[in-house]
Protein chains: 2
Amino acid sequence: MPEQSPGSRPTLEAVAARAGVSRATASRVVNGGDGVRKPLVDKVLQAVDELGYIPNHAARTLVTRRTGAVAVVIAEPEIRIFSDPFFSQQIRGISKELTAHDTQLVLLLVEGPGDFDRIARYLSGGHVDGALAFSLHTDDPLPAITRRAGIPTVYGGRPSWTADPGDQAVPYVDADNRGGARVAVQYLRDLGRERIAHIGGPPDQTSAMDRLDGYRDVLIDVDPTLVAEGGFTVESGARAMAELLERRPDLDAVFVANDLMASGALRVLRERGIAVPEQVAIVGFDDMDGVAEETDPPLTTVNQDIEGQGRLMARLLLRGLDRDRTGNGSAPDSVITPTTLVRRASA
Amino acid sequence: MPEQSPGSRPTLEAVAARAGVSRATASRVVNGGDGVRKPLVDKVLQAVDELGYIPNHAARTLVTRRTGAVAVVIAEPEIRIFSDPFFSQQIRGISKELTAHDTQLVLLLVEGPGDFDRIARYLSGGHVDGALAFSLHTDDPLPAITRRAGIPTVYGGRPSWTADPGDQAVPYVDADNRGGARVAVQYLRDLGRERIAHIGGPPDQTSAMDRLDGYRDVLIDVDPTLVAEGGFTVESGARAMAELLERRPDLDAVFVANDLMASGALRVLRERGIAVPEQVAIVGFDDMDGVAEETDPPLTTVNQDIEGQGRLMARLLLRGLDRDRTGNGSAPDSVITPTTLVRRASA
DNA sequence: CACAGGGTTGAGAGCGCTTCCATTCGGTGC
DNA sequence: GCACCGAATGGAAGCGCTCTCAACCCTGTG
């Protein structure tokens, strides 16, 4: 490893000089070496090595107009953002995919409503080539910002302003929430359960709504007393379970919209001595690491590949950027990733 | 808001032309306007506004040699990284501080050992002005990388190769783990507890070791059977508690190295019908949101300002960068942030 | 009334890189 | 052996910005 000369790093100019070629040729080699004869390629590469040359990113960006970075905008006002393993896995997937394409991840956390101005400025400033953002509420200013800034953006989770799952107005990646819910509820039904309740997530999240829709797809004309609303947290799940038991002591199954709430529900059932799955069968959603397998009893749930969704978001975006650059290929479509039922002991 | 002309954004040149000044003057105004007479300032500002001018970041970086971005390197191989509220809060603090200084956060996740090469290349590539990294294990290659790349770096948590808390070889921010532990244990002692056990964290984390040292500071010559080792998780805390009860059924207090383990310990005590705090008093560490207040009974614990630590890390780094630029000020020192005992019901 | 001097402004030189375009090179067909 | 053609190479023009330095203006002073 060549020591870093004090102060200035070697430039392409220096490499070219050392290799005895022009700056243009050196540049070609550094960028893949197409159309340069082998011996010259080798000479340049050697010079790069000897000098410890590293391209100056700013100079390159200045002329290519590409930054090699994408923004990940997280606008969740909640604290949950990072604590939520959901996000964490998604980010992991994004990071892996970006890394594989030599693209950097710039994290933009929105702390308050005033931050959107800053975000807008940043996105417009040519700092990044594209953006990834997470499921948004109806009045979220982000789409307008990215559109105005001309920044290609892929969303994680169906944005709430899209009419239906599959809506193509804006590219997004989401799990097949509705289909997964359908399979889960159908499974409970096939088990012979007749009074299948549902603990849903917050109605302003499309994933919660889609899962509820899936539940309703199977149980048309379901009695509203069988549906309770939670907040995707353990506590809210426990509360909703207690509420359901009060309203409908006769229920014999619950499809819970996520594993966290399901674990809360299980706790309540255990406390009341209600046997799972004998008296009440439970199916969760997410197949969350460190939760679904650890509950008592282990949770039957709907698996979705969260990290894969992250990867997919990144891949979609990168593909779109590539298309912008090369001018060929079609606009990225949204992707709905499959879900699968994982049978454990709770149902 | 001016519509974005198709393709190219307006340049400083355009702004200057519109305002009827030279590019140099326009540049001065955009960068604060020092030494430019009021009327000209206004004209330029108006032109900026009308054109919707946004400075080209790459061009600016090319000449100033500052990127306005810092890397946050997260090298935890564990999944815990993001799920851990600890990190999440720290990142929040970092993000807030950076944002306040118009600096961007580039997230570098290390997925495997091979990634260090990529990280090294990135840090050397002049993409960022500095780096923030989290508590490292002894053989972590990161310090060497940042040193060679000449990238100022501030660490979160005392790096394990530093001899002692307070070691100034490398700037870091850490809570006063040892002092906090001392206060906690002393408190238990003042309560009249005589057999105070300890559930420690993993020995390769300095925070765990420092807390253990604090415990030992108060309880010199403590019986080793009173000390059990956990892994900073709920489950490991429960296991350690069970182990301690087996070894020392006579214990009357436990200082637990973090709240997560403390909640596991509480569960075990509850299951065995041991009254807290009457029979066994418990003190945790971290005062973790959503944990310490929610346990049964609520946890007496040592509070540390995690988000504040994040802010401080960023501030230290930014100050260092500023110093590098202006050439005055002293090298950043490490900072140990204070901890305070929060009395709740468990002790 | 000329001149010194501080404060403003503009001209222009780069920052390091990519890429167009002209040039040169090596080889082929006649 | 020569014209000719595609491929390889080099020269040079910027990309958009900052910043030095020289030119300029104006005021105050001798």
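Remember, it's a predicted structure, so these values are computed and weren't measured experimentally.
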* Asked: Between A/Tyr155 and A/Met313, is a side chain to side chain contact (heavy atoms under 4.5 Å, CB included) present by the stated rule, with each step listed?
  -> CA-CA 7 Å; A/Tyr155 294 90; A/Met313 286 175 68; 5.8 Å; no
* Structure fact -> Numerically ordered, the residues 18-27 of chain A set in heavy-atom contact under 4.0 Å with DNA chain C is A/Arg23, A/Ala24, A/Ser27
* Asked: How long is the line joining CG of A/Leu40 and C1' of C/dT24, in whole Å?
  -> 14 Å
* To do: Return the value, rounded to whole Å, for the distance between atom NZ of A/Lys38 and atom C1' of D/dA7.
  => 18 Å
* Structure fact -> Per the under-4.0 Å heavy-atom filter, residues of residues 29-36 of chain B near DNA chain C come out as B/Gly35, B/Val36
* In whole angstroms, how far is the P atom of C/dG14 from the CD atom of A/Glu13? -> 13 Å
* Asked: D/dT18 P sits how many Å from B/Arg66 CZ, rounded?
  -> 13 Å
* To do: Look at the side chain of A/Arg37 against the base of C/dG26 and say whether a donor-acceptor pair falls under 3.5 Å; ignore hydrogens and angles.
  => no
* Roughly, in whole Å, what's the span from CG in B/Leu62 to P in D/dC17? -> 12 Å
* **Intermediate values then yes/no, side chain to side chain contact (heavy atoms under 4.5 Å, CB included), A/Ile74 and A/Leu108** => CA-CA 6 Å; A/Ile74 301 189; A/Leu108 262 35; over 6 Å; no
* To do: Specify the separation, in whole Å, of atom NE2 of B/His57 and atom C1' of C/dC15.
  => 14 Å
* Structure fact -> Output for pair (A/Arg28 CZ, A/Ser22 OG), nearest 0.5 Å, gives 6.5 Å
* Taking five pairs at each end of the helix from C/dC1-D/dG30 to C/dC30-D/dG1, what angle separates the two helix axes (nearest 10°)? -> 50°
* To do: Kindly indicate, with the supporting measurements, whether the criterion side chain to side chain contact (heavy atoms under 4.5 Å, CB included) is fulfilled by A/Lys43 and A/Arg18.
  => CA-CA 9 Å; A/Lys43 263 204 270 190; A/Arg18 181 164 195 119; over 6 Å; no
* Check against side chain to side chain contact (heavy atoms under 4.5 Å, CB included), B/Tyr53 and B/Leu45 -> CA-CA 10 Å; B/Tyr53 169 76; B/Leu45 253 24; over 6 Å; no
* Atom NZ of A/Lys43 to atom C1' of D/dT9: distance rounded to whole Å? -> 12 Å
* Structure fact -> Assign each of B/Arg28 and B/Val63 the nucleotide of DNA chain C bearing its closest heavy atom; nearer the 5' end lies the nucleotide of B/Arg28
* Asked: If only side-chain N and O atoms of B/Arg65 are considered, is one of them under 4.0 Å from the OP1 or OP2 phosphate oxygen of D/dT18?
  -> no
* Take atom CG of A/Asn56 and atom P of C/dG14, then tell me their distance rounded to the nearest Å. => 18 Å
